[in-house]
Amino acid sequence: MMQKLISGKVREVYLVNQDQLVIFTTDRISAFDVILDTLIPEKGMVLNQLSKFWFNYTKDIVSNHMISTEMVDLPKQFHKPEFSERMMLVKKLEMIPFEFIVRGYIFGNMWNEYQKSNEIWGYKLSSNYRKAEKLESPILTPSTKMSNGHDKYVSCQFVENSIGKKMFNQIESFCLALYNRAYQYAYNRNIIIADAKFEFGIDNQNNLVLADEIFTPDSSRFWSVEDYEVGASPQSYDKQIIRDWLLNHKVNGKIQHNIPNDVVKRTAVIYQECKNTLLDKRVF
């Protein structure tokens, strides 16, 4: 039996050999750093297919960890229907202990911090931004990667001091180029990518490599161009419907995890709509 290295919130990671891993993307969903009992049908397929597309679409910007998603290239134990469309054979990397979030719009945690001060994580912003407004230019906001609890946002200078100026500059350049490339592609399909998270690692030849997942509803914030309005909270192509239900159905101040079927079905539809809109080859 192949060794399982990691059982994460959504992904299972298996060791193939000293140079390769298999990532299995499940239908699990998490909210507020808790894995819910509820599964979202075919969510894992959506995430895997989107990452596959984006890794291929951006490989000229920076190399990535994807080797193959074809069943024939995977170890035999994964040649089963339940693994179909959910697997990715990848390079084994030494991961850099930071997440790198590019933000094109002021929203979420960034908006919350902006209410306190227009100096955020090392950036000095103008004082007249409104909620969900597009920034003058995208910015990089790194965070620490915590195995337990919430990640902590840190300044770019903190990361530079930790990994070195040369590597940080490379990562910053890659992140902004990735975001700009994907933003234009998605916008042409009536989707705004408000922000996006990236992770990187070092391969056995000391190359910087893009890893994890990219531009999925779990790692990016997608909004509808048609519904977008500055000053309001745009409708998202992600698990926001789950978060909203949990927040609205607390019992004695505690979040309940028994998500009703109609919310599960609506969430599954949102994930599928996101994938179909982005991967529709008829849109030019």
Side-chain angles (χ1 to χ4, degrees), residues 5-6 8-16 18-25 44 46-70 73-74 86-104 138-145 151 153-154 156 159-160 162-186 191 193-222 274-275 278-279:
L5 294 181
I6 300 170
K9 293 176 182 176
V10 176
R11 289 171 176 76
E12 310 282 350
V13 181
Y14 297 85
L15 179 67
V16 178
Q18 64 179 2
D19 298 317
Q20 296 179 342
L21 304 171
V22 164
I23 298 177
F24 168 50
T25 308
V46 169
L47 300 184
N48 203 53
Q49 290 169 21
L50 280 172
S51 282
K52 175 185 176 181
F53 167 77
W54 289 115
F55 280 138
N56 281 323
Y57 189 68
T58 61
K59 61 186 179 183
D60 61 315
I61 295 175
V62 56
S63 63
N64 59 68
H65 71 165
M66 184 175 71
I67 298 172
S68 177
T69 59
E70 300 301 321
D73 296 324
L74 297 167
R86 300 170 179 274
M87 310 298 298
M88 187 175 290
L89 182 67
V90 303
K91 298 177 184 176
K92 188 173 182 291
L93 307 172
E94 180 183 347
M95 297 301 294
I96 294 170
F98 295 98
E99 293 181 346
F100 298 89
I101 302 97
V102 175
R103 299 175 187 271
I139 62 173
L140 184 66
T141 61
S143 72
T144 57
K145 289 175 61 176
D151 296 339
Y153 290 101
V154 294
C156 290
V159 179
E160 183 179 312
S162 301
I163 66 175
K165 183 177 180 62
K166 181 179 179 181
M167 181 176 291
F168 173 78
N169 287 344
Q170 276 187 303
I171 290 174
E172 182 178 40
S173 176
F174 287 147
C175 287
L176 293 174
L178 289 164
Y179 177 81
N180 288 331
R181 167 81 63 85
Y183 180 91
Q184 192 57 56
Y185 174 96
I191 288 181
I193 303 180
D195 53 49
K197 174 183 73 68
F198 305 105
E199 295 190 39
F200 293 86
I202 306 296
D203 66 13
N204 55 16
Q205 296 180 321
N206 209 35
N207 297 311
L208 189 62
V209 178
L210 180 63
D212 196 54
E213 62 176 332
I214 56 170
F215 301 117
T216 73
D218 277 14
S219 65
S220 298
R221 199 186 305 268
F222 294 133
C274 181
K275 183 199 76 171
L278 288 170
L279 302 190

Is a donor from one side chain sitting under 3.5 angstrom from an acceptor on the other, for Arg103 and Thr141? yes
Nearest heavy-atom approach of Phe55 to Asn64 is O-ND2, 3.0 Å
Fit a plane to each ring of Phe200 and Phe198, take the angle between them on a 0 to 90° scale, and name the class: parallel (under 30°), tilted (30 to 60°) or perpendicular (over 60°). tilted
Should Pro138 and Asn180 count as side-chain neighbours, where that means a heavy-atom distance under 4.5 Å? yes
Nearest 0.5 angstrom please: His65 NE2 to Gln20 CD, how far? 12.5 Å
Determine, step by step, whether Leu278 and Trp54 satisfy the side-chain contact (heavy atoms from CB on, under 4.5 Å) criterion, reporting the C-alpha distance in whole Å, the side-chain angles of both residues, the deciding distance to 0.1 Å, and the verdict. CA-CA 10 Å; Leu278 288 170; Trp54 289 115; 4.2 Å; yes
Would you indicate whether the side-chain heavy atoms of Asp218 and Lys9 approach each other to under 4.5 Å? no
Just wondering, do Asp73 and Ile67 contact through their side chains at under 4.5 Å, heavy atoms? no
With sequence neighbours excluded, give me every salt bridge (Lys or Arg N to Asp or Glu O under 4.0 Å) pair touching residues 205-215. Arg11-Glu213, Lys197-Asp212
Answer yes or no: is there a side-chain heavy-atom contact under 4.5 Å between Leu208 and Ile202? yes
Are the side chains of Leu210 and Ile61 in touch, meaning some heavy atoms are under 4.5 Å apart? no
Might you work through the side-chain contact (heavy atoms from CB on, under 4.5 Å) test for Asp60 and Arg181, ending with a clear yes or no? CA-CA 11 Å; Asp60 61 315; Arg181 167 81 63 85; 2.9 Å; yes
Between atom CG of Leu89 and atom CD of Glu70, what is the distance when rounded to the nearest 0.5 Å? 11.0 Å
Enter the distance from Leu47:CG to Ser51:OG here, rounded to the nearest 0.5 Å. 7.0 Å
Looking at every non-hydrogen atom in both residues, tell me the closest pair between Met88 and Leu74 and how far apart they are. C-CD2, 4.4 Å
Pairwise side-chain contact, Ile171 with Ile96, heavy-atom cut-off 4.5 Å (strictly under): yes
Side chains of Tyr14 and Leu21 in contact at under 4.5 Å (non-hydrogen atoms): no
Does Lys165 pair with Glu172 as a salt bridge, N-O distance under 4.0 Å? no
Residue pair Lys52 / Met66, side-chain heavy-atom distance below 4.5 Å: yes
Interatomic spacing from CD in Gln49 to OG1 in Thr25 - rounded to 0.5 Å: 10.5 Å
Just to verify, what does Tyr185 make a side-chain hydrogen bond (donor to acceptor under 3.5 Å, both in side chains) with, not counting sequence neighbours? Arg189
How long is the straight-line distance from CD1 of Ile214 back to CZ of Phe53, given to the nearest 0.5 Å? 9.5 Å
Tyr179 side chain vs Ile193 backbone, donor-acceptor pair below 3.5 Å: yes
Could you report the tightest heavy-atom contact between Cys274 and Ile191, atom names first, then the distance? O-CD1, 4.4 Å
Might you point out which heavy atoms bring Phe222 and Thr216 nearest each other, and give the distance in Å? CE1-C, 3.5 Å
Could you please spell out the steps behind the side-chain contact (heavy atoms from CB on, under 4.5 Å) verdict for Lys91 and Asp19? CA-CA 6 Å; Lys91 298 177 184 176; Asp19 298 317; over 6 Å; no
Which value, rounded to the nearest 0.5 Å, describes the distance between Thr69 atom OG1 and Ile23 atom CD1? 12.0 Å
Val102/Ile139 under side-chain contact (heavy atoms from CB on, under 4.5 Å): CA gap, chis, key distance, verdict: CA-CA 6 Å; Val102 175; Ile139 62 173; over 6 Å; no
